[in-house]
Amino acid sequence: MINAPSLESLPSAPLLTAEFDIDPSAVYARLRNTYGPVAPVNLAGVPVWLVLGYQQVLDVLRNDTTWRSDIRHWRAHREGKLPTNWPLLTGYEIRQTMFLDGAEHGAARQTLYSALESFQDVRTQRGWGLRAAVLRYADELITTLANETGLTGIADLNAQYTKPLVLMLVHRLFGFPDELDSDVLSSFWQMLDGGPDAAAATARILEDMTELAAYRRAAPGDDFPSAMLAADPSLSDAQLGRELFVNAVYLTEATGNMILSTLLQFLGRSVTPTGNVPDRVITDMVNWVALHNPPIVNLNFRFPSQDVQMGNFLIRTGDVVVPSLAGAHEELASLGHAGGASRAHLAWGAGPHRCPSGAQELTVTVVRAAVSRVFEHLADAELAIPPSRLPWHSGLSVRGLRHLPVRYAIKPTSSVLILERPAPSLGVAGEPRGALAALRRGLRGIRR
Ligand code: HEM
C-alpha cells in the first residue's frame, strides 16, 4: 500500500447533488458498489472519504485516539488549502464539545451532563415543568391552527406546528429574557429555512448566544445556560455561547426532524390514530425512525492521527473522513438486519462523542409530547399529498421534511376549542412570558 493513491489524486464525484436530495439511498448504494465500504467523494470541491460500512463507521466512532475530532488535525485546513468561502468551514470553526478531543472533551462533556441532568428527567420539578410546557405549546399551536386555518382544512405540520414548537422549547429551556428574545427566534427561523439568509442568520445566533451567556452569568435563572455556568463557572461567555449554539441546533433541527418523521410514520398508516397514543407506541416509532430515517445522516468530520488502511484505501494522516450513519444503516438493511426497530441503529452516534444520554432522553420526551398532542386533538388526519411527493431536505448532516401537509379535522370535543385565550398555566413555577407571543413578535417582518 506504500504507493496507494492519495485522496486528492482520486476522481471524486460531488456528494450533494439533486439526486442526493431526492434519493440519498441510491447514491449510497452506487458508492458502495463502486468503491466498497469507504468511498472518495467531494464536498463543494473538497475531497473527503465517506465511510459507508457499518463496522467501519463503528470502528471510527469508537476509537478517538486514531480518529480525532479537533480540526487542528485537518491537514488541508492547517496548510491553508481549502477554497476561500468554503461553505462548510464556518460550522467547523465554531470550537465546541463536538470538536474537542481527549481530556478537554471529557471535561466539556461532563459539564453538559450535569447541566442537562435535571431538565431531562420528568420525575424532577424542572423536567416535569419542561414537559408540561411542551404540551402547553402544542395546545397553543393547535388552537392557533383552529383559529387561523379552521376546524377542518389543510395544514403544514412543519411550518404551523413542529418548527414553532421547537423554537418555543429553545426559548424556554434557554431562558431568553424579554430584551434578547425576539431577534434570536427570527434568526433561528431563517437558519432553519436554509435559504439565502441562513448564513447571516447563523452568525447572528452565535452572537446572540454569547450575549445570552453574559446575561445569565449576571442574572442566573432556572434555565440551561445558568445550569451550564453552575456546572463550570470557568466557561467564558464566548465558549458558553458556542455550546449553547450547537445544543440549540440539535434541539431545533434534529429534534424537529424526529418529530416530523415520527408523525409521518403514523400518518402513513392505513388508520391514523385518534386519541391517546401510549408513550410506548411512540417510543417504538421513534426507534423505527432512528433506523430507517435518522435525522442526522452523516456525522462530524474525523481526522486520522496516523495512516490507516480501511476498505480498499489507505487513509492518510489528516485526511477528512465522514462517518455515514445513513450509509451504515443502508448496509444493515441490505443484510436483512433492519426489519423492525433495531437496537443496532447508530442514530445517536457511538463511542466517546455519542449523543449525551440526557439529550437523548430530552429528545424522546419532547417527541412523545409533540406527537401525542396532535392525535389527541384531531378527529381525522391524513397526508394531503402522496408520500412519494413529500419534499425532503438532504444536507450533508441532516435530513428532514421541508413540509408535512395534512388534511385534518379537529375533534369537536378538543380542549383547544375553548383555548382561544392563552392556555392556562399548569402551575409551573418561574414560567417565562408566553413563548408563542415571543415567537410571533420575532417573526413579524421576516419573509416566510
Ligand atoms: C433527534 C434528536 C437528536 C439526534 C438524532 C442526535 C444525534 C446525535 C449524534 C449522531 C451525535 C454524535 C455526533 C458525532 O459523533 O459526530 C450527537 C452528539 C451530540 N448531541 Fe445529539 N442528537 C439529538 C438531539 C440532541 C439534543 C436535543 C441535544 C441537546 C440538548 C444534543 C446534544 C448533543 C451534543 C452536545 C453532542 C456532542 C457530544 C460530544 O461530542 O461528546 N443532541 N447527537
Side-chain angles (χ1 to χ4, degrees), residues 51 57-58 60-64 67-71 91-92 94-120 127 130 134 162 165-166 169-170 172-174 223-225 227-228 231 240 242-262 283 285-287 289-303 320-326 328-329 345-368 370-371 396-400:
V51 185
V57 167
L58 260 187
V60 169
L61 297 183
R62 284 182 174 160
N63 182 348
D64 65 338
W67 303 100
R68 315 295 272 174
S69 294
D70 191 326
I71 68 163
Y92 276 93
I94 302 174
R95 193 170 163 76
Q96 40 77 24
T97 305
M98 285 178 186
F99 304 148
L100 303 178
D101 290 321
E104 199 184 1
H105 171 242
R109 212 173 142 91
Q110 187 53 48
T111 304
L112 269 169
Y113 266 117
S114 315
L116 278 173
E117 207 174 8
S118 56
F119 290 103
Q120 122 264 332
L130 191 66
V134 175
T162 303
L165 185 71
V166 291
L169 168 67
V170 169
R172 185 189 192 281
L173 183 63
F174 281 38
D223 49 59
F224 180 60
M228 289 283 284
L240 178 54
R242 291 194 285 270
E243 299 292 348
L244 293 177
F245 171 81
V246 74
N247 281 283
V249 169
Y250 270 79
L251 271 164
T252 50
E253 290 236 26
T255 309
N257 287 343
M258 186 62 108
I259 294 171
L260 287 168
S261 292
T262 307
T283 308
M285 198 59 103
V286 167
N287 283 331
V289 168
L291 178 68
H292 296 275
N293 216 341
I296 308 287
V297 280
N298 293 310
L299 294 189
N300 295 316
F301 294 172
R302 303 298 204 268
F303 315 100
V320 176
V321 166
V322 181
S324 176
L325 288 193
H329 286 191
H345 76 72
L346 299 174
W348 304 109
H353 286 275
R354 180 181 165 84
C355 189
S357 54
Q360 292 181 36
E361 279 163 39
L362 184 64
T363 303
V364 175
T365 301
V366 171
V367 176
R368 278 193 201 137
V371 170
L396 174 63
S397 313
V398 289
R399 180 162 193 272

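We number each residue from 1, following the sequence as shown. Whatever order the structure lists them in is the order used to number ligands and atoms, beginning at 1. The structure displayed is predicted, hence computed values, not measured ones.
- Nearest protein heavy-atom contact of atom 7 (C) of ligand 1 is Ala347 O, 3.4 Å.
- When non-hydrogen atoms are compared, ligand 1 lies under 4.0 Å from the side chain of Arg302 (C-beta onward) but not from its backbone.
- Within the 4.0 Å heavy-atom criterion, both parts of His353, backbone and side chain, lie near ligand 1.
- In this structure the side chain of Pro295 never reaches within 4.5 angstrom of the side chain of Arg399, judged on heavy atoms.
- No side-chain heavy atom of Met258 sits under 4.5 Å from any side-chain heavy atom of Glu253.
- Side-chain contact, Ser397 with Asn298: no donor N or O sits under 3.5 Å from an acceptor N or O.
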Exercise. Step by step, work out the side chain to side chain donor-acceptor pair (under 3.5 Å) result for Thr97 and His105.
Key: CA-CA 6 Å; Thr97 305; His105 171 242; over 6 Å; no
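- Using a 4.5 Å heavy-atom cutoff, the side chains of Val286 and Val371 are not in contact.
- Contact annotation: the side chain of Leu244 approaches that of Pro225 to within less than 4.5 Å [non-hydrogen atoms, C-beta and beyond].
- Looking only at heavy atoms of the protein, atom 35 (C) of ligand 1 is closest to Leu112 CD1, 3.4 Å.
- Here Arg109 has side-chain heavy atoms under 4.0 Å from ligand 1, and that is the only part of it that gets that close.
- If you number the atoms of ligand 1 from 1 as listed, the ones under 4.0 Å from a heavy atom of His105 come out as 39 (C), 40 (O), 41 (O).
- Close N/O approach between Thr255 and ligand 1 is not found [any backbone or side-chain N/O within under 3.5 Å].
- Looking only at heavy atoms of the protein, atom 29 (C) of ligand 1 is closest to Asn247 OD1, 3.0 Å.
- The shortest distance between side-chain heavy atoms of Ile94 and Phe245 falls below 4.5 Å.
- At a heavy-atom cutoff of 4.0 Å, ligand 1 is contacted by no atom of Val246, backbone or side chain.
- Atoms CG and CD, on Leu130 and Gln120 in that order, are 10.5 Å from each other to the nearest 0.5 Å.
- Protein heavy atom closest to atom 37 (C) of ligand 1, with residue, atom name and distance, is Met98 CG, 3.4 Å.
- With respect to the salt-bridge test (charged N to carboxylate O, under 4.0 angstrom), the residues Asp223 and Arg172 do not qualify.
- Contacts between Pro352 and ligand 1, counted as non-hydrogen atom pairs separated by less than 4.0 Å, involve the backbone only.
- Put simply, the side chain of Val51 reaches to within 4.5 Å of the side chain of Val321, judged on heavy atoms.
- Taking 4.0 Å as the cut-off, Glu243 does not count as a neighbour of ligand 1 on heavy-atom distance.
- Comment: Glu104 engages Arg95 in a salt bridge, judged by a side-chain N to carboxylate O separation of less than 4.0 angstrom.
- Distances under 2.8 Å from atom 21 (Fe) of ligand 1 pick out the protein N/O/S atoms Cys355 SG.
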